[in-house]
Amino acid sequence: DAGVIQSPRHEVTEMGQEVTLRCKPISGHNSLFWYRQTMMRGLELLIYFNNNVPIDDSGMPEDRFSAKMPNASFSTLKIQPSEPRDSAVYFCASRRFLLSGNTIYFGEGSWLTVV
Amino acid sequence: AQKITQTQPGMFVQEKEAVTLDCTYDTSDQSYGLFWYKQPSSGEMIFLIYQGSYDEQNATEGRYSLNFQKARKSANLVISASQLGDSAMYFCAMREGAGTASKLTFGTGTRLQVTL
């Protein structure tokens, strides 16, 4: 089975530009997570969805960040406008609830640099 | 308060030796899960092993085992017969609760370096 697929793998953008990160979860998984990893703050949960419905977005840093999950096989994380402090690795992860202890499987990450 | 504590920012181990990476956790839930992930320099997060709070035996997956001491709230990862490819960051994580609202909280990680 294919794992969690994220795109783009790397993005460099100018401050003020809109950034859209995409994620395709593992087929059959019903929960999807967006994490951000930085040296300063480690791994932070931004938002997660169960059955395409946002459950907890308390980790979204501010209104510039938004996430959607229009269907079970696709999610986006959007930053508008982007700022240099948004530079980080953004991970998408998914799980199938009640399977294997609710183990979460990660994508390879999207490395974002805002200059 | 930190829910997951990894007190070793960095560890060294010689090839073929065993190494223990420490993890302590804090929760008042009765049902929870503990996970270890590996992050090599390439950046991906790789799931290694899982231990449920009600599991009576320590989890094992190949060269990985989880030393689960519930009373002490510790979930240390033991890697036996270290290999050069084990050099990576290792993250301990905890899932609290068992419902659909459960989510993972991560520790700050331990960087393991395997030497010849």
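What you see below is based on every heavy atom in this structure, not just the backbone, and it leaves out hydrogens, waters and symmetry mates. This structure is a prediction, so every number in the text was calculated from the model and none was measured. Letters A, B, ... mirror the listed sequences (proteins, then strands); counts begin at 1.
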Inter-chain contacts: residues 107-115 of chain A against chain B, heavy atoms under 4.5 Å: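 Answer by number: A:G107, A:E108, A:W111.
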
Toward chain B, the part of A:L45 with a non-hydrogen atom under 4.5 Å: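 Only the side chain of A:L45 comes within 4.5 Å of chain B.
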
With heavy-atom distances below 4.5 Å as the criterion, would you say the side chains of [X] and [Y] are in contact?
| X | Y | value |
| --- | --- | --- |
| B:F106 | B:L104 | yes |
| B:L21 | B:Q8 | yes |
| A:V19 | A:Q80 | no |

Selection residues 29-49 of chain A - residue pairs positive for salt bridge (charged side-chain N to carboxylate O under 4.0 Å, His left out), sequence neighbours left out: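 Of all non-adjacent pairs touching residues 29-49 of chain A, those that pass salt bridge (charged side-chain N to carboxylate O under 4.0 Å, His left out) are A:R36-A:E44, A:R41-A:E44.
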
Pairs touching residues 51-68 of chain B that satisfy salt bridge (charged side-chain N to carboxylate O under 4.0 Å, His left out), sequence neighbours left out: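 Residue pairs passing salt bridge (charged side-chain N to carboxylate O under 4.0 Å, His left out), neighbours aside: B:R63-B:D86.
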
Hydrophobic cluster membership, [X] vs [Y], 4.5 Å side-chain cutoff:
| X | Y | result |
| --- | --- | --- |
| B:V19 | B:L48 | yes |
| A:V89 | A:I79 | no |
| A:Y48 | B:F91 | yes |
| A:F33 | A:V4 | yes |

Close approach to chain A in residues 37-46 of chain B, criterion heavy atom under 4.5 Å: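 Within residues 37-46 of chain B, the residues under 4.5 Å from chain A are B:Y37, B:Q39, B:S42, B:G43, B:E44, B:M45.
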
Shortest non-hydrogen contact between B:F68 and B:G52, atoms and distance: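 Nearest pair, atom of B:F68 first, then B:G52: CE2-O, 4.0 Å.
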
